[in-house]
Amino acid sequence: MVTVPVVRSELPIDTASLARYLIGKLVVRDLPEGIVSGHIVETEAYVIGDAAGHAYRGMTRRNRSLFLECGHAYVYIAYGSSFMLNVSSEMPGIGAGVLIRALEPLEGIPIMQLNRGVDRLRDLARGPGRLAAALRIDGRLDGLDLCRKGPLWLGHSDREAGEIALSTRIGISRDADRPLRFYLRGNPFVSGPKRLRE
DNA sequence: AGTGCGATTGACT
DNA sequence: GTCAATCGCACTA
């Protein structure tokens, strides 16, 4: 697969714009068994001053990667067992980021199937915890620069993305009405209930 | 030291 | 569709 990393200077600084920009880009994972990758089909923006964002109450040990220059990984555990992959956004020192919620599998599908313990293509990376498991993403990747080739990085795709739709975010209670979720309309690899996929 | 709560998932009706 | 498991983290004292 011929793909090049996204260029940091081309990333939109604004968090919501970055969330939209990342739809259709590639997440590439370099594992000992081979390359695993997929197209991003769903993201959520956790913007500056967002009560639902992990940086809302300032920097802590867990969320410090959110304050890095845009294009770095913020990886944390939700509900005790599921890892979540985020891309930091905004200027250095500003805590905001984009949650990558779902991938359409592209390369290394047999590796994903082993990592997930399921075969069905649609179930491999539909949902943020499943995505991280499929790509074997854990806390050791927290803080990584995603704009250069390495164990985990973001790449350009030559495929046309399709229509990008907007909705409220999934699984939060505070600031729940803000339309900050981006997804490819009708794409079967998008998570959430039916009404949030069409 | 104790408490409450999730940016979820998988099993089940 | 419903619901419980699960445990790290932030907050209170």
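Throughout, protein chains are lettered first and strands after them, A, B, ... in sequence-line order, and every chain is numbered starting at 1.
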Verify the contact: side-chain N or O of A/Thr60 to OP1 or OP2 of C/dA10, cut-off strictly under 4.0 Å; return yes or no.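 Answer is yes, contact under 4.0 Å.
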Any A/Arg57 side-chain nitrogen or oxygen under 4.0 Å from OP1 or OP2 of C/dC11: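 Affirmative; the distance criterion is met.
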Between [N] ([atom2]) and [X] ([atom1]): distance, integer Å:
| X | N | atom1 | atom2 | answer |
| --- | --- | --- | --- | --- |
| A/Phe83 | B/dA7 | CZ | P | 16 Å |
| A/Ile77 | B/dG6 | CD1 | P | 18 Å |
| A/Lys194 | C/dG1 | NZ | C1' | 14 Å |
| A/Tyr56 | B/dG6 | OH | P | 14 Å |
| A/Asp142 | C/dC9 | CG | C1' | 14 Å |
| A/Asp138 | C/dC7 | CG | C1' | 16 Å |
| A/Arg62 | C/dC7 | CZ | C1' | 12 Å |
| A/Leu66 | C/dA10 | CG | P | 11 Å |

Does B/dA7 pair with anything, Watson-Crick or G-U wobble, both distances under 3.5 Å, and if so, with which nucleotide?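 B/dA7 is paired with nothing.
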Would A/Leu31 and A/Ile109 show up in the same hydrophobic cluster when neighbours are defined by side-chain heavy atoms closer than 4.5 Å?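 Linked, A/Leu31 and A/Ile109 end up in one cluster.
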In this structure, would A/Phe67 and A/Leu99 fall into the same cluster of hydrophobic residues linked by side-chain contacts under 4.5 Å?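 In one cluster with A/Phe67: A/Leu99, yes.
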Establish, yes or no, whether a centroid distance under 6.0 Å links the rings of A/His54 and A/Tyr76.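 For A/His54 and A/Tyr76, the ring centres are under 6.0 Å apart.
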Any chance CE of A/Met59 has more than 12 other-residue heavy atoms, nucleotides or ligands included, within less than 6.0 Å?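 Yes, enclosed.
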Selected nucleotide, minimal atom distance to A/His54 side chain, candidates C/dC11, B/dG6, B/dA7: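 The nucleotide sitting nearest to the side chain is B/dA7.
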Once you apply a heavy-atom cut-off of 4.0 Å, does A/Ile172 come out as touching a base, just sugar-phosphate, or nothing?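 Here A/Ile172 touches the backbone only, sparing every base.
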Which is true for A/Arg169 with a 4.0 Å heavy-atom rule: it touches a base, it touches only sugar-phosphate, or it touches nothing?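 Nothing, no heavy atom under 4.0 Å.
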So A/Leu85 and A/Leu152, do their side chains get closer than 4.5 Å, heavy atoms only?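 They are in side-chain contact.
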Hey, are the side chains of A/Met91 and A/Ile13 touching, using non-hydrogen atoms and a 4.5 Å cut-off?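 They are in contact (side-chain heavy atoms under 4.5 Å apart), so the answer is yes.
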Distances under 3.5 Å only, N/O to N/O: pair up the protein atoms with those of nucleotides 9-13 of chain B.
from	atom 1	to	atom 2	distance (Å)
B/dT9	OP1	A/Pro128	N	3.3
B/dT9	OP1	A/Gly129	N	2.6
B/dT9	OP1	A/Arg130	N	3.0
B/dG10	OP1	A/Arg116	NH1	3.1
B/dG10	OP2	A/Arg130	NE	2.9
B/dG10	OP2	A/Arg130	NH2	3.3

Whether A/Arg126 side chain and A/Arg122 backbone form a donor-acceptor pair below 3.5 Å: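 Answer holds: yes.
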Stacking check: are the rings of A/Tyr46 and B/dA7 less than 5.5 Å apart at their centres and under 30 degrees in tilt?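 It does: the ring sits over the base of B/dA7.
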